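Below is one structure, written out as structure tokens; comments come after it.
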Amino acid sequence: MKNAVNDGGGAGVWSATGFRPGTKAGAGAGPGAGSPSGTPGGADGDTRDGEIWSGCWVAERLGVELVGDEGLGELLGLALRRNPKRAHLLVSHVLGKHIPQSPAVVYGYGFALGLRVRDLLGEDEARRAVVLGYAETATGLGHSVADGVGLAPCLHSTRRPVDGVARAGGFEESHSHATSHLLLPENPGLLAGDGPLVLVDDEFSTGNTVLNTIRDLHERYPRDRYVIVALVDMRSAADLGRLDDFAREIGAHVDLVTAASGTVRLPEGVLEKGQALVARYESEAEAPEAQEAPEAQGAPVRPALRVELGWPAGIPDGGRHGFTPEHRVCLEGALPAMAARIADALPSDARRVLVLGFEELMYAPLRLGVALEKLTDAEVRYSTTTRSPVLAVDDPGYAIRTRLVFPAHDNPADGPGDRYAYNVAGAGFDAVVAVVDSTADTPELHAPDGLLARLSAHTPSVLLAVVPSYAPARPSAESSTVSSTERPFMLPEPLRGPEFSSYAPDEVGWLLQDLSDTKLEAPTEEREEAIQSGGAHYAESLPVEYQPSDAYQELFHNALAVSATRIAQAVGVVTETVLAERSPRPVLVSLARAGTPVGVLMRRWAQHRHGLDLPHYAVSIVRGRGIDANALRWLAAHHDPADIVFVDGWTGKGAITRELAQAVEEFEASDGITGFDPEIAVLADPGSCVRTYGTREDFLIPSACLNSTVSGLISRTVLRADLVGEHDYHGAKFYRELAAADVSVAFLDAVSDRFDAVDEAVDAQVKELLSTDRSPTWQGWAAVERISEEYGIHDVNLVKPGVGEATRVLLRRVPWKILARAGAGADLDHVRLLAEQRGVPVEEVAELPYTCVGLIHPKYTRGATGADGKAVSV
């Protein structure tokens, strides 16, 4: 990983006492001066020549210091916000979000960073790159970087779902007040190429957001190179090495390009002190938003003057759905005329003008501002509204002097709420040009308490320019009708035994395609190396089927004899819960293949207890790639989606639970078919990930001990582009040759033979559960994150909690070690035997939330060592 920050320049500390030159205390990042080469002008709020730094108010009260480049304080100020994770806010002077700034300066910073990326990559690689900016703050910055790269399309994440556009991914921003990001490219293949991905954010602080993004996208669309771009690199000493480690972990090259670098020095207890300071100022009504009320009261509300821009047809309003170099060329040609229309509408005596963008709509108003700045003698400034609530304090040493509060006006998916414009009130603007997209041109925008009215109280002239919201191309109504009515009937009927699987034909229908004649197996070590290097996805091949020894088969039968009653009770409980809460006649849809035996048992219970003959199907879901959409289309054509109940064997950390929820949401958006409930019903929920379960104990379910020979002789599912087409089901193999070792029906019979014995216990447990709060706590996910860090793995995908998941690690992956709860008994006999056969250590742990946890070998290559430096045995 290469850290490509600026070279040269001084360093020092920005604090309540001003700038102190000298060597940085603590690790920030490499040296560098403030503005990147080619950036026009300086920044408002300049702290040279004795002027007050816009962070000293916070620094004085909380003891916060910026440590880093000499130009760092010119780029950043400080403010406070009500946030349970991070009270302080780094406020950029050159981003154009919170502080009005020259549009040329804002655009220049992004463009110059893009030029450096182009130089870094070279023209050939730059032509293959895609630039991704982060919503809402870095949408304009990311687009400006793409302009500097010049040859690459750009996309930005969004918090606005768009009907008819399927997600290409999503991720979380842990420290933000609004965390969920969506990726909604019009062209589904935009992110699927193998060229460099350039990720752009305003600041690179912990690196969590960027690493979460790369991890998610790398699993879906692996590539060799990533470039991270930020205005400032503010990583702490503890975070500095993570990027290098992460790059090695995924087997990719990662570069970092920033305009300045440093870190924030936070004294002990700063979060609590900051929260108390925010609460005090808000309660005492000292913030300027309260002080401005008398001025606004009774002030005449002048209607905004609408300016018709003449936005070029077919050009997106930004990068929400993708923006190509060809789009940029067309926009460049149209900008001068659009800016001229704004200039003609401004009052003749306007000397100070603000172009105000709208949340994620940052690029279009920025480019309009740059063009307007060239046309007029007025001082033009640019900023945007935001969702972020920040405390305002009218002090020259504080970055947020005033704020305007107004209701959201774009019908946001997360409901109504307040929005903000900072440093606009009292700034002396003669005119404000509000630029919104047409989705946000609503009655709320024009309401007496809306944004336009709030602006009118603080400036003599308000102009409104509306950019058409870009609507991605959709199939015509006629073609949509054909698709929705004909495509399901073009899909094959489910496969059934004995032609496909050893289950009886009425036990389950497999919505899969038969790949039995295709060679898909690869040695375990070869698969692991390819998966962890990003060279292949786990669903593109199959592990060689494990052939159990006589001793291991004996363990399976002993375990089944001991646990059959406990499993029967769990089957009864989960089935009765489904019948009581989900549907009186559910359609059981198992997630192949671990869910399939459970689905068969639930079907048998419903027949045993209620005489119901429930439909049961098995479908494929692949981590990182979602559920089989064609299977959902078939189900929707033959059953009411509201009756579908997804079934799985057990939960570990809840990855498949989350995958299914996202996949169903994407399917509803792409196909317009609604009603599927993504909540999974499971036999065992030790991870506390679902509401519908038979038990939350982590015990041995014998079907987890084996592979296909306890699952109808069916392989795990396969999703590979050369085998599975657009209108095909995911694939799987039927291992007919293993019939002599098949115990699938024997397992089912052993459990269902105990149904009569558990009737009363099931009734009592169901009665208790139905009156209990069963909300998921996700304790399993939290435990996995802790274990991942404690054992130096730093990847939750390599930690497999629970008896079932740990068994899978030993059967299918390259295990590193097994963690076993101290005192665990016969439930782990088969795990101990498998571990002994593979030479894998079993480590007893006193405080383990699961009976056992399997750790996949981290950063595996043949001959590699684990996180503890010891060679693995395979």
Side-chain angles (χ1 to χ4, degrees), residues 560 562-588 590 594-595 597-612 614 642-654 656-657 661 677-704 750-783 801-804 821 823-827 848-851:
L560 180 57
V562 171
S563 62
T565 299
R566 184 161 51 166
I567 296 169
Q569 183 172 331
V571 168
V573 169
V574 70
T575 309
E576 294 297 327
T577 304
V578 165
L579 294 171
E581 294 187 334
R582 303 285 291 274
S583 172
R585 292 192 65 85
V587 178
L588 304 176
S590 296
V598 177
V600 174
L601 286 169
M602 291 176 66
R603 184 180 183 278
R604 288 189 178 190
W605 177 273
Q607 200 164 44
H608 153 80
R609 190 72 183 272
H610 303 285
L612 296 175
L614 300 182
D643 289 329
I644 301 295
V645 176
F646 295 103
V647 174
D648 207 355
W650 55 85
T651 65
K653 55 181 173 287
I656 290 298
T657 307
D677 184 349
E679 183 182 343
I680 306 175
V682 298
L683 196 64
D685 181 34
S688 188
C689 306
V690 298
R691 292 186 69 258
T692 308
Y693 53 84
T695 178
R696 276 185 168 159
E697 295 177 24
D698 183 22
F699 69 96
L700 171 61
I701 301 171
S703 60
V751 175
S752 34
D753 285 348
R754 310 292 177 93
F755 282 171
D756 285 330
V758 299
D759 274 348
E760 292 183 6
V762 167
D763 289 341
Q765 189 174 346
V766 170
K767 182 178 180 181
E768 179 181 351
L769 279 180
L770 292 178
S771 62
T772 302
D773 180 8
R774 290 169 282 132
S775 301
T777 65
W778 296 94
Q779 65 181 22
W781 190 275
V803 179
R821 183 191 294 159
D827 274 345
L848 197 65
Y850 293 89
T851 302

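Since the structure is predicted, the reported quantities are computational estimates derived from the model, not experimental observations. Basis for what follows: all heavy atoms, side chains included, without hydrogens, waters or symmetry-related copies.
- Across all non-hydrogen atoms, the minimal contact from V647 to I680 is C-CG2, 4.1 Å.
- Minimum interatomic distance between G687 and Y850 (heavy atoms only, all atoms of both residues): CA-OH, 3.4 Å.
- Residues E576 and H610 have side chains in contact (heavy-atom distance under 4.5 Å, counting atoms from C-beta outward).
- Within the 4.5 Å cutoff, no side-chain heavy atoms of P584 are placed close to those of L579.
- To the nearest 0.5 angstrom, L601 atom CG is 8.0 Å from L683 atom CG.
- Contact check for S590 versus V598: no side-chain heavy atoms found under the 4.5 Å cut-off.
- Put simply, the residue from V645, L588, V587 that forms a side chain to side chain contact (heavy atoms under 4.5 Å, CB included) with L614 is L588.
- Residues R696 and S775 come closest through the heavy atom pair NH2-O, 4.1 Å.
- Contact annotation: the side chain of T695 never approaches that of V573 to less than 4.5 Å [non-hydrogen atoms, C-beta and beyond].
- Counting heavy atoms from C-beta on, the side chains of T692 and V574 come closer than 4.5 Å.
- Counting heavy atoms from C-beta on, the side chains of C689 and W778 come closer than 4.5 Å.
- Remark: E581 engages R774 in a side-chain hydrogen bond (donor to acceptor under 3.5 Å, both in side chains) (not counting sequence neighbours).
- Identified under the ring pair (Phe, Tyr, Trp, His ring centres under 6.0 Å) test for residues 752-777, with sequence neighbours left out: W605-F755, H608-F755.
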Quiz item: Between V682 and Y693, does a side-chain contact (heavy atoms from CB on, under 4.5 Å) hold up when you go through it step by step?
Solution: CA-CA 5 Å; V682 298; Y693 53 84; 3.9 Å; yes
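- Side-chain contact check for D759 versus R609: some heavy-atom pair is nearer than 4.5 Å.
- A750 and L560 get closest at one heavy-atom pair: CB-CD2, 3.7 Å.
- Here the straight-line distance linking atom OG1 of T577 with atom CZ of R582 works out to 10.5 Å at 0.5 Å rounding.
- Atom CD of residue Q765 and atom CG of residue L770 lie 10.5 Å apart, to the nearest 0.5 angstrom.
- Rounded to the nearest 0.5 angstrom, L612 CG and M602 CE are separated by 12.0 Å.
- Looking at V758 and T565, their side chains come closer than 4.5 Å, going by heavy atoms from C-beta outward.
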